[in-house]
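Structure, as structure tokens:
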There are 2 protein chains.
Amino acid sequence: MTRASSRRPGPPTRTERGIPEATVARLPVYLRALTALSDNGIATASSEDLATAAGVNSAKLRKDLSYLGSYGTRGVGYDVEYLRYQIAREIGVTQDWAVVIVGIGNLGHALANYSGFGTRGFRIVALLDADPKLVGERIGDMEVRDFAELEDIVERDRVSIGVITTPAGPAQEVCDRLVAAGVTSILNFAPVVLSVPDGVDIRKVDLSIELQILAYHEQRKSGEAALPQVPELPAMNGLSDLPSVGGGVGA
Amino acid sequence: MTRASSRRPGPPTRTERGIPEATVARLPVYLRALTALSDNGIATASSEDLATAAGVNSAKLRKDLSYLGSYGTRGVGYDVEYLRYQIAREIGVTQDWAVVIVGIGNLGHALANYSGFGTRGFRIVALLDADPKLVGERIGDMEVRDFAELEDIVERDRVSIGVITTPAGPAQEVCDRLVAAGVTSILNFAPVVLSVPDGVDIRKVDLSIELQILAYHEQRKSGEAALPQVPELPAMNGLSDLPSVGGGVGA
DNA sequence: TAGATTGTTAATCGATTAACAATC
DNA sequence: TAGATTGTTAATCGATTAACAATC
């Protein structure tokens, strides 16, 4: 969330279009919950219903929704379709955003094939890789194109979002090229801290960080109730001869 | 972060092993930064150096490290190797955690092949899928095994962490099975809110949510400086006949 | 000793939550 | 009107940040 913050002082008024970051991060969760309710033919839902579906408490949900406006009816609840549309509009997924994926290794492949690319709202316009061996390969109904075409594609298709699925090494360079080409939002899967200029948003998805956070809590559980995960058998701990899962992401 | 909170009142004393969640989430980032410095042969680093490498400000970094103890030297900085070990120990990655991956579709495949599985600290002990067509398939040096073997594997290998890479549909059922088998930490890639009992930690990685958060900010940029991403050509907006990237994750 | 840098304090900011008045 | 549920207030909690005394 490297966002150039340009906020005036004073309390955030609703009309000032200043929705707290924590709320913004939950809007997509509410959107998904509403879509699920809608698919189940449910026309109206209380904040309690919605909160349950979204996995938050109802006070938080009501507070979050209050930043968007007053879309509920006291004593009744929320109209599922109406609220869904309002949230989709607020997030900006009533229009389609053009996306490029750079780095067609295992992960890039997986993302390229990922059907529910955000329940619409996004459109992959190109899969790019610098490796000539990959260029031309078909994935689903797309073809991998040369990374050198980036600038043309970004301009032609008005691409504003780039997804980086390269290894750590080339990620910063790829990032710089994306930014120079005009991309202003980046989703980074490479395990590096990328630096971008003000005005460019960057978000990071990092498997090993997530696992490490789980490990931290896991370590502290062992004593409490369940059995420890640290094996009592000395030979098993850390010295495993199981291979460390080779491969490499390979862009 | 559905963690059974069992905190006594009062300010968090350093010795009370109560590191703030926000700090815990950054420790892996510091660990990675230290590893990079170490790989570059740097033996000592100031909080400023480290903060730059980790992409945070130095005040935050020092505050974070202060929860672990006093591992720096005033006027000098931090010994890279020493601090790296201390953080690794605090996180719990000086030991190996056994991990199972459930759902060997595109994403499961990608994760199974992912080499740097957290710069060590984790060991994939099984790839599981309920689809008989997948069972037996080799991925790297592992073989996909039947999901029915879950309980045996968890017990035998003392698995505490499960990664769910199934589609949304079966995810809750898979989750329940993991929990019943004794898994107490779950990393969920399926686009659903999973419910777990107290004492089980769950973290979620969600591509489409990340993209939607970017879209929200992107939408609000358009007016400001750069060109709008909403095409001026009416025919291009939302009505694209480009296929919505079909496929399905398929467990 | 002078310069550098940590570890900690205290102020500030933002997020969460419970409670309830407004109102359907 | 009585019951239900929203939208908002206010209290609380946790996270960030700047500043600086401690100390190498």
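The shown structure was predicted, so the numbers you read here are calculated from the model rather than taken from an experiment. In the text below, chain A, chain B and the rest are named by the order of the sequence lines, each starting its count at 1.
Arg62(A) meets the salt bridge (Lys or Arg N to Asp or Glu O under 4.0 Å) test with no other residue; sequence neighbours excluded. The side chain to side chain donor-acceptor pair (under 3.5 Å) search around Thr44(B) returns none, not counting sequence neighbours. For Lys204(A), the salt bridge (Lys or Arg N to Asp or Glu O under 4.0 Å) partners two or more places apart in sequence, or in a different chain, are Asp206(A). A search for side chain to side chain donor-acceptor pair (under 3.5 Å) contacts involving Glu173(A) returns nothing, not counting sequence neighbours. Listed by chain and number, the residues in a side-chain contact (heavy atoms from CB on, under 4.5 Å) with Ala22(B) are Arg26(B) (sequence neighbours excluded). In this structure, the salt bridge (Lys or Arg N to Asp or Glu O under 4.0 Å) partners of Arg177(B), at least two apart in sequence or on a different chain, are Glu151(B). Residues forming a ring-ring contact (aromatic ring centres under 6.0 Å, His included) with Tyr85(B) (at least two apart in sequence, or on another chain): none.
Near DNA chain C, meaning a heavy atom under 4.0 Å away, the residues from residues 39-49 of chain B are Ser46(B), Ser47(B). Residues from residues 78-86 of chain A that place a heavy atom under 4.0 Å from any atom of DNA chain D, listed by number: Tyr78(A).
Applying the salt bridge (Lys or Arg N to Asp or Glu O under 4.0 Å) test to residues at least two apart or on different chains, none of the pairs has a partner in residues 36-55 of chain B.
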Pairing pattern in dot-bracket form [Watson-Crick, G-U; both distances under 3.5 Å; | = partner strand] for DNA chain D: ..||||||||||||||||||||||

Base versus backbone protein contacts along nucleotides 17-24 of chain D [heavy-atom cut-off under 4.0 Å; B, S, -]: BBB-BBBB

